Amino acid sequence: MVRPDDGLAHPLAVLNHGSPRNIADRSTMSPYRLWSQAATFARRGWVAVVAMRRGYGNSQGEWAESYRSCSEPDYVTAGRAGASDIAAVARYMSGQSYVSKGKWISVGHSAGAFATVALTSDAPRDLAAAIAFAPARGSTAPDTVCGEKQLVAAFAQYGKTSRVPLLWVAAENDHFFGPRLVPLLTNAFASAGGNLTFVKTPAFGEDGHQLFTTASGISIWSPIIDRFLVANNLMLRDHPIDLALPNVATPSGLGGNGRETFKTYLESGPNKAFAVSRDSRFGWATGRRSVEEARQAAMDYCTSGTSAKCRIVNVNNRPVQ
């Protein structure tokens, strides 16, 4: 959870993660992976909370979002299972003294965005709006999706009863749910009655599916959400809360790219570590489940493909001697 440090109650924003293609990766997930994204909403006056749905990370319970077989996927039921977890988070958070009563929003990426769309089809009380980055399910490989017909039908089913304002953001080089498929999905949802605002962004990195989850994408999508919030009378502040970088010296020996990367590292959330070598190689990791995992990942990135000898120089914004 990230929230304004002013002692006041603020509206709730629930941020919802995606689902990895590799089943084994579900257990390695951490809510800290969306720390920067949560901070972006907190800076705008929201109590931003990231919760792992059932079957992800350290969350208890069996995985609830299976769409069964790839040949005959049941996307409607899978999306509603995720939506029920989002609603449960909102019910719990609404009872906290620092959360103001009334309006709240759901923000999701990929499978979490699909669950957010499903949530709008049976909207809980006071759900004021929803934001979905690349919503869908069923990606098994780049540009390959199980049961496109069933996926389109699921969005049409949700659209029949969805009336909450929904912002849908997709990059033109998304390789999970690409530019050929997205118009089919958005048209199915909107034609059935869904209250949709769709924004396509230019290509982002090697796979635009990571636009929301990569720190460098925030400067691209934050103006988009600002316009949507203004249009729906949900802008809480005239200007985002300023955040000062920690007063931590940049490790010596880094080149220009390394120094810029270290700045991004400082802006990221825990658990994180930064490693460097004598020949200016570096590796870093953030959002891990523990400091130990972050240290190991940073070392692996630093030494990958070389015989370089690296050492950890920073953990959670604290220099390591």
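What you see is a predicted model; the values in this text were computed from it and never measured.
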Visitor: Applying side chain to side chain contact (heavy atoms under 4.5 Å, CB included), can you list everything that pairs with T144, at least two apart in sequence or on another chain?
Guide: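 For T144, the residues satisfying side chain to side chain contact (heavy atoms under 4.5 Å, CB included) (neighbours in sequence not counted) are T140, A141.
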Visitor: Roughly how far, to the nearest 0.5 Å, is the OG atom of S19 from the OH atom of Y67?
Guide: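 If I round to the nearest 0.5 Å, the distance is 8.5 Å.
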Visitor: What do you reckon, is CG of D279 surrounded by more than 12 foreign heavy atoms closer than 6.0 Å?
Guide: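 Count over threshold, so yes.
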Visitor: Checking side-chain contact (heavy atoms from CB on, under 4.5 Å) for the pair V320/V313: CA distance, chi angles, key distance, verdict?
Guide: CA-CA 5 Å; V320 175; V313 295; 5.6 Å; no
Visitor: Do you reckon V49 sits in the same ILVMFWY cluster as W104, going by side-chain contacts under 4.5 Å, direct or chained?
Guide: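 Yes; W104 is reachable from V49 via cluster members.
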Visitor: Check whether any side-chain heavy atom of I131 lies under 4.5 Å from a side-chain heavy atom of T116, and answer yes or no.
Guide: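 Answer no - side chains too far apart.
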Visitor: Looking at T214 and L211, would you say the former's side chain and the latter's main chain have a donor-acceptor pair under 3.5 Å?
Guide: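 No, because the side chain of T214 does not come within donor-acceptor range (under 3.5 Å) of the backbone of L211.
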Visitor: Using atom types as modelled and distance alone, determine if a side-chain donor or acceptor of N173 lies under 3.5 Å from a backbone N or O of G208.
Guide: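 Flag set: sc N173 to bb G208 pair under 3.5 Å.
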Visitor: Does the side chain of I225 come within less than 4.5 Å of L167's, by heavy atoms?
Guide: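 The answer is yes; the side chains approach within 4.5 Å.
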Visitor: Please report the interatomic distance CG(D207) to NE2(H175), rounded to the nearest 0.5 Å.
Guide: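 Here the rounded value is 5.5 Å.
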Visitor: Taking L15's backbone N and O only, do any of them form a donor-acceptor pair with H109's side chain (distance below 3.5 Å, no angle check)?
Guide: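 No, H109 side chain to L15 backbone: no donor-acceptor pair under 3.5 Å.
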Visitor: Step through the shown structure and confirm whether more than 12 heavy atoms of other residues, nucleotides or ligands are within 6.0 Å of CG on L8.
Guide: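 Enclosed.
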Visitor: Do L245 and L243 share a hydrophobic cluster (ILVMFWY, side-chain heavy atoms under 4.5 Å, transitive)?
Guide: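 As far as the 4.5 Å side-chain criterion goes, L243 and L245 are not connected within one cluster.
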Visitor: Quick check for you: to the nearest 0.5 Å, what is the distance between L229 atom CG and L236 atom CG?
Guide: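 Reported to 0.5 Å precision, the distance equals 7.5 Å.
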Visitor: Under 3.5 Å, side chain of D174 to main-chain N/O of A170, donor-acceptor pair present?
Guide: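 No, because the side chain of D174 does not come within donor-acceptor range (under 3.5 Å) of the backbone of A170.
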Visitor: Working to the nearest 0.5 angstrom, can you tell me the gap between E260 CD and K263 NZ?
Guide: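 NZ of K263 is found 6.0 Å from CD of E260.
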Visitor: Going by atom types alone, do D74 and T77 pair a side-chain donor with an acceptor below 3.5 Å?
Guide: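 Side chains of D74 and T77: pair found under 3.5 Å.
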Visitor: Quick one, F41 with V47, criterion side-chain contact (heavy atoms from CB on, under 4.5 Å). Give me CA distance, side-chain angles, the key distance, then yes/no.
Guide: CA-CA 8 Å; F41 281 88; V47 174; over 6 Å; no
Visitor: Walk me through whether S139 and R21 qualify under side chain to side chain donor-acceptor pair (under 3.5 Å).
Guide: CA-CA 7 Å; S139 175; R21 290 188 180 120; 3.0 Å; yes
Visitor: Tell me whether the NZ or CZ atom of R54 lies within the 45° cone about the ring axis of W63 and under 6.0 Å from its centre.
Guide: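 Negative - R54 is either too far from the ring of W63 or too far off its axis.
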Visitor: Would R137 pass as a cation-pi partner of F177, given that its NZ or CZ must be under 6.0 Å from the six-membered ring centre and within 45 degrees of the axis?
Guide: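 No, cation not above the ring by the 6.0 Å, 45° rule.
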Visitor: Using side-chain contact (heavy atoms from CB on, under 4.5 Å), reason through N271 and N316 one step at a time and then give a plain yes or no.
Guide: CA-CA 6 Å; N271 292 302; N316 285 344; 3.7 Å; yes
Visitor: Decide side-chain contact (heavy atoms from CB on, under 4.5 Å) for Y75 and F114; before the verdict, give the C-alpha distance in whole Å, the side-chain angles of both, and the deciding distance to 0.1 Å.
Guide: CA-CA 9 Å; Y75 289 124; F114 185 67; 3.9 Å; yes
Visitor: Are there over 12 heavy-atom neighbours, none belonging to R68, within less than 6.0 Å of that residue's CZ?
Guide: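 No, the 6.0 Å shell around CZ holds no more than 12 heavy atoms from other groups.
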Visitor: Is the backbone N or O of S290 less than 3.5 Å from a side-chain atom of R288, with the two atoms forming a donor-acceptor pair by type?
Guide: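 Not at all, since once roles are kept as given, no pair shorter than 3.5 Å links the two residues.
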Visitor: In this structure, are over 12 heavy atoms from other groups packed under 6.0 Å from F204 atom CZ?
Guide: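 Yes, the 6.0 Å shell around CZ holds more than 12 heavy atoms from other groups.
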Visitor: Compare every heavy atom of A203 with every heavy atom of E172, then report the nearest pair and how far apart it is.
Guide: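 Between these two residues, the closest heavy atoms are CG-N, 3.3 Å.
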Visitor: Do side-chain atoms of K101 reach the backbone of V99 as a donor and acceptor pair under 3.5 angstrom?
Guide: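 The answer is yes, because a donor-acceptor pair under 3.5 Å joins these two groups.
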Visitor: Evaluate ring-ring contact (aromatic ring centres under 6.0 Å, His included) for W221 paired with F212, printing each intermediate quantity in order.
Guide: CA-CA 7 Å; W221 57 256; F212 180 69; 5.0 Å; yes
Visitor: I'd like to know if I220 and V169 are part of one continuous hydrophobic network [Ile/Leu/Val/Met/Phe/Trp/Tyr, side-chain heavy atoms within less than 4.5 Å].
Guide: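 Same hydrophobic cluster.
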Visitor: Examine distances only and state if a side-chain atom of R259 and a backbone atom of L254 form a donor-acceptor pair shorter than 3.5 Å.
Guide: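 Yes.
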Visitor: Against the six-membered ring of Y98, is R3 placed for a cation-pi contact (under 6.0 Å from the centre, within 45° of the normal)?
Guide: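 Judged by the rule, R3 and Y98 form a cation-pi pair.
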Visitor: About how many Å separate CG of D25 and OH of Y56, when rounded to the nearest 0.5 Å?
Guide: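 Answer rounded to 0.5 Å: 11.5 Å.
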Visitor: Can you find a pair of side-chain heavy atoms, one from F282 and one from P251, that are under 4.5 Å apart?
Guide: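 No, side chains not in contact.
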Visitor: Between T261 and F274, is there a side-chain heavy-atom distance shorter than 4.5 Å?
Guide: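 Yes, close enough: below the 4.5 Å cut-off.
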Visitor: What is the distance from atom NZ of K309 to atom SG of C302, rounded to the nearest 0.5 Å?
Guide: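 So the NZ of K309 and the SG of C302 are separated by 13.0 Å.
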Visitor: Would you call the rings of W168 and F155 parallel, tilted or perpendicular, taking 30° and 60° as the class edges?
Guide: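 Tilted, since the angle between the ring planes falls between 30° and 60°.
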Visitor: Per the side chain to side chain donor-acceptor pair (under 3.5 Å) rule, what does the pair list look like for residues 33-50, sequence neighbours excluded?
Guide: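 Listed by first then second residue: R44-D226.
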Visitor: Quick check on D5: does its CG atom have over 12 non-hydrogen neighbours (other residues, nucleotides or ligands) under 6.0 Å away?
Guide: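 Open: at most 12 neighbouring heavy atoms sit under 6.0 Å from CG of D5.
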Visitor: Give me the atom names and distance for the closest heavy-atom approach of A24 to N22.
Guide: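 Looks like N-OD1, 3.0 Å.
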Visitor: Indicate if V199 and L234 have the same hydrophobic cluster label, given that clusters are the connected sets of ILVMFWY residues with side-chain heavy-atom separations under 4.5 angstrom.
Guide: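 Both belong to a single hydrophobic cluster.
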Visitor: Show the nearest heavy-atom pair for residues S106 and L127, with the distance to one decimal.
Guide: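 For S106 and L127, the tightest heavy-atom pair comes out as N-CD1, 3.9 Å.
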Visitor: Taking the side chain as every heavy atom from C-beta outward, state whether F176 and Q210 have any pair of such atoms under 4.5 Å apart.
Guide: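 Sidechains of Q210 and F176: in contact.
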Visitor: Give me the atom names and distance for the closest heavy-atom approach of A136 to L151.
Guide: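 Taking A136 first and L151 second, the nearest heavy atoms are CB-CD2, 4.0 Å.
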Visitor: Using a distance-only test with no angle check, is there a side-chain donor-acceptor pair under 3.5 angstrom linking N314 and Y265?
Guide: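 There is such a pair (donor and acceptor under 3.5 Å, judged by atom type) between the side chains of N314 and Y265.
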Visitor: Does the gap between the ring centers of Y158 and F189 come in under 6.0 Å?
Guide: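 No; F189 has its ring centre 6.0 Å or more from that of Y158.
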Visitor: Take S162 and N195 through the side chain to side chain donor-acceptor pair (under 3.5 Å) test and state the conclusion after the steps.
Guide: CA-CA 7 Å; S162 176; N195 183 359; over 6 Å; no
Visitor: If every non-hydrogen atom of P4 is compared with every non-hydrogen atom of A42, which pair is closest and at what distance?
Guide: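 Answer, listing the atom of P4 first, then A42: CG-O, 3.5 Å.
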Visitor: Could R180 and E148 be called an ion pair, given the rule that one side-chain N must be under 4.0 Å from one carboxylate O?
Guide: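 Judged by the 4.0 Å cut-off on N to carboxylate O distance, R180 and E148 do form a salt bridge.
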Visitor: Is a donor on one side and an acceptor on the other found under 3.5 Å between the side chain of T306 and the backbone of A308?
Guide: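 Judged by distance alone, yes, a pair lies under 3.5 Å.
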Visitor: Can you find a heavy atom in the side chain of R53 that is under 4.5 Å from one in the side chain of S59?
Guide: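 No - every pair of side-chain heavy atoms lies 4.5 Å or more apart.
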Visitor: Are L166 and L181 linked, directly or through intermediate hydrophobic residues, by side-chain heavy-atom contacts shorter than 4.5 Å (ILVMFWY only)?
Guide: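 Linked, L181 and L166 end up in one cluster.
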Visitor: Does any part of the side chain of V152, heavy atoms only, come nearer than 4.5 Å to the side chain of L185, both counted from C-beta?
Guide: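 They are in side-chain contact.
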Visitor: Does the side chain of S216 come within less than 4.5 Å of T264's, by heavy atoms?
Guide: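 A side-chain contact is absent here, since even the closest heavy-atom pair is not under 4.5 Å.
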Visitor: Specify the closest pair of heavy atoms between A275 and I312, including all atoms of both residues, with the distance to one decimal.
Guide: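 Looking at all heavy atoms of both residues, the closest pair is CB-CD1, 3.8 Å.
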